K.L.:
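For reference, the structure I am asking about is given below.
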Amino acid sequence: MTDLPVPSHCPYCALQCGMAITAEAVISPRTDIPANAGGALCQKGWTAAELLTGGARLTTPLLHGRPVSWETALDHVAGRLSEIRAEHGPDGVAVFGGGGLTNEKAYQLGKFARVVLGTSQIDYNGRFCMSSAAAASSRAFGMDRGMPFPITDLAEADVVLLAGGNVAETMPPFVRHLNGPRLIVVDPRRTATAKLAWLHLQPTPGTDLALALGLLHLAIADGLVDEEYVAARTSGFDAVRTSLAAWWPERVERITGVPVPRMRQAVRALASAGRGVVLTGRGAEQHAKGTDTVTAFINLALALGLPGREGSGYGCLTGQGNGQGGREHGQKADQLPGYRRIDDPAAREHVARVWGVSPEDLPGPGRSAYELLDALGTPEGPRALLLFGSNPVVSAPRSGHVADRLRGLDLLVVADVVLSETAAMADVVFPVTQWAEETGTMTNLEGRVLLRRQAVRPPDGVRGDLELLQGLAKRFGHAFSADPREVFDELRRASAGGLADYAGITYDRIEREKGVFWPCPSPDHPGTPRPFLDRFATPDGRARFVAVEHRPAVEEIDEDYPLYLTTGRVLAQYQSGAQTRRIAALAEAAPEPFVELHPDLAGELEIGAGDLVRVSSRRGEGRWVARISDAIRRDTVFMPFHWEGVNRLTNPALDPVSRMPEFKVCAVRVERVA
Ligand code: SF4
């Protein structure tokens with residue numbers, strides 16, 4: 001430990017702003033990391049150190065709420081896991097990870113589940129984040145690397161179309177990269193980001209896919225397709241062109257509410273841009289048709305010749321701190337390290353060799369996140385759950401039902417920094433280290449692998465997740481390293497030859513080069529900031545157009561539930577709020593959830609600002625404070641989901657490809673509480 005500031009990165013979102021932190025937990029911004037554009041941090045980043053020193057930390061393991069030693073807690077968990085496995089088989093135990101875990105932890109968690117527990121039942125909360133964009137990118141480009149270009153390309157673009165992202169609140173320094181281009185925002189709300197836009201398209205919730213089809217129809221009808229690019233670099237356009245014939249603009253206007261002239265304005269601006277970028281965020285992705293919605297925006301970008309050109313492209317805005325790396329190294333139900341598929345015999349063979357086991361001993365694919373949570377405690381489902389870096393009682397859809405499922409378990413084990421809502425329900429809680437107290441790598445939204453070095457001594461009684469896994473593995477007769485550098489070196493070998501190839505990335509290189517872009521297959525490879533410049537990662541090197549069709553939201557509004565609910569984020573809170581709700585300045589800035597209503601709707605329902613209102617869906621209800629704003633559509637209410645209860649309302653209907661739940665739209669009723 002040194003008194004000098006240690007270079008590190010923010011604990012929260014996928015921008016991974018550079019910051020330095022001293023042993024006394026004093027934060028200062030770094031100016032050498034491109035993501036935070038000259039040293040910007042948002043309020044969440046500036047205040048992140050408070051949770052290192054504050055009284056909210058867990059500092060001792062809890063067994064049924066009573067403080068116990070680490071050895072007692074580890075013995076108890078290992079004993080119960082053995083009993084449950086003996087009675088119910090390996091799949092009687094499940095593991096749930098998080099998109100905030102370092103690459104080392106995500107990798108080790110996947111290995112622990114498959115090798116030590118032998119379970120197929122592992123998934124993570126990133127499934128709720130950007131899995132639809134990941135699936136659509138893999139389908140179109142043969143590879144999912146969030147933004148397949150450096151973030152600094154954005155400032156050089158002439159036009160950026162951002163569908164369903166509110167970066168001005170979720171990652172404010174990102175906005176600095178949008179000062180140059182004309183910004184087109186697609187969002188049902190006039191968000192802080194939409195207010196910055198040159199053009200705001202405000203569709204009905206659940207209709208982004210129709211809008212994207214309409215935009216591409218217009219591009220074709222107006223002769224704006226880059227035919228030369230389409231012929232040279234893509235396949236499948238003819239089928240898409242045919243499928244779009246029925247998506248004439250007036251029909252799209254009727255479905256989306258976006259006027260035809262505005263659609264035409266957007267398409268023309270994007271088509272005439274020398275450099276154009278299409279980005280999607282959770283607003284487009286968190287639907288039961290999220291993969292197809294993103295595909296429709298990718299089709300638009302391909303038709304205009306954007307992806308794989310320097311300064312142009314398509315990218316997904318990853319949300320969680322290590323949302324990108326967390327989906328590459330094996331904590332997903334269908335995946336092995338290096339972005340390998342678990343059902344690919346060659347991938348199983350390679351990873352099994354690194355792990356020193358037989359490929360036949362590796363389990364196959366398991367349940368996706370919501371399906372896993374929904375199966376917990378049922379006769380066919382897992383009876384025990386080990387949960388790391390996640391708080392599904394707040395963040396999962398239909399969260400009341402998820403809480404019931406957790407209550408039905410024989411054993412719930414949670415590793416966390418604070419006593420989150422989910423940890424409060426656990427049989428055993430392990431107090432673990434957080435960002436500045438540990439060393440590990442994160443992969444940011446650009447696909448740039450970054451290093452966070454330990455800067456601060458953890459509180460007494462707190463251990464790292466790697467140590468926790470080591471302690472459990474040892475009780476099952478397996479030797480696991482708790483040294484992050486050793487784990488990372490093994491991850492490099494396991495990822496070698498995969499899509500997300502980290503073989504040439506080392507801690508020293510990351511520090512020297514301020515991050516390294518994957519794929520980076522060897523120590524002398526420079527890394528790959530723009531992987532699609534020459535060819536896409538498909539077998540024939542061409543990007544694939546995929547024809548998709550719009551369909552309504554799974555739950556449309558009706559007489560009983562006459563309003564759309566859409567959920568999202570606010571500036572001062574992060575994800576389930578487990579960390580940020582415990583930081584004084586953030587709790588003061590955003591103390592409670594609220595229901596945002598249009599003034600016309602509020603008048604009709606006789607609701608005033610500050611009134612208590614009941615919001616009900618088919619899955620649950622709750623009471624929240626009303627806010628009146630003309631930034632929202634008249635047929636829609638908005639609620640931020642950082643607090644327990646909001647997701648009791650949301651719909652767990654799943655996308656058939658990505659298994660993403662339909663967080664962004666469901667039908668609700670709103671009434672003033674007398
Ligand atoms: Fe940067 Fe995101 Fe941290 Fe804010 S929360 S400082 S935008 S990494």
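Position 1 is the first residue of the sequence; numbering continues from there. Start at 1 and go down the list; that is how both ligands and their atoms are numbered. Remember, it's a predicted structure, so these values are computed and weren't measured experimentally.
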K.L.:
For Phe388 together with Phe96, are the ring centres under 6.0 Å from each other?
P.N.:
no
K.L.:
Run the numbers for me: atoms of ligand 1, each under 4.0 Å from some heavy atom of Gly45, listed by number.
P.N.:
6 (S)
K.L.:
Determine, using ring centers only, whether Phe532 and Phe141 are less than 6.0 Å apart.
P.N.:
yes
K.L.:
Any N/O/S atom, side chain or main chain, of Cys13 closer to atom 2 (Fe) of ligand 1 than 2.8 Å?
P.N.:
yes
K.L.:
Is it the side chain, the backbone, both or neither of Gln16 that has a heavy atom closer than 4.0 Å to ligand 1?
P.N.:
backbone
K.L.:
In this structure, which one of Leu270, Leu183, Leu199 forms a side chain to side chain contact (heavy atoms under 4.5 Å, CB included) with Val159?
P.N.:
Leu270
K.L.:
Would you mind running through ligand 1 and noting each atom that sits below 4.0 Å from a heavy atom of Pro173?
P.N.:
7 (S)
K.L.:
My understanding is that only one of Arg282, Arg327, Glu285 makes a side chain to side chain contact (heavy atoms under 4.5 Å, CB included) with Cys129; could you say which?
P.N.:
Arg282
K.L.:
Can a cation-pi geometry be assigned to Arg530 and Phe149, taking NZ or CZ under 6.0 Å from the six-membered ring centre and within 45° of the ring axis?
P.N.:
no
K.L.:
Using a cut-off of strictly less than 2.8 Å, determine whether Cys17 has an N/O/S atom near atom 4 (Fe) of ligand 1.
P.N.:
no
K.L.:
Can the ring centroids of Tyr339 and His329 be said to lie less than 6.0 angstrom from one another?
P.N.:
no
K.L.:
Within a distance under 4.0 Å of any heavy atom of Lys44, pick out the atoms of ligand 1 and give their elements.
P.N.:
5 (S)
K.L.:
Could you tell me the residue and atom name of the protein heavy atom closest to atom 6 (S) of ligand 1, and the distance to it rounded to 0.1 Å?
P.N.:
Cys42 N, 3.4 Å
K.L.:
Is it the side chain (CB and beyond), the backbone, both or neither of Ala35 that lies under 4.0 Å from ligand 1, heavy atoms counted?
P.N.:
neither
K.L.:
With heavy-atom distances below 4.0 Å as the criterion, list the atoms of ligand 1 near Cys10.
P.N.:
3 (Fe), 5 (S), 6 (S), 8 (S)
K.L.:
Under 4.0 Å from a heavy atom of Tyr12: give me the atoms of ligand 1 that qualify, with their elements.
P.N.:
5 (S)
K.L.:
Which atoms form the tightest heavy-atom contact between Val432 and Arg57, and what is the distance?
P.N.:
O-NH2, 3.2 Å
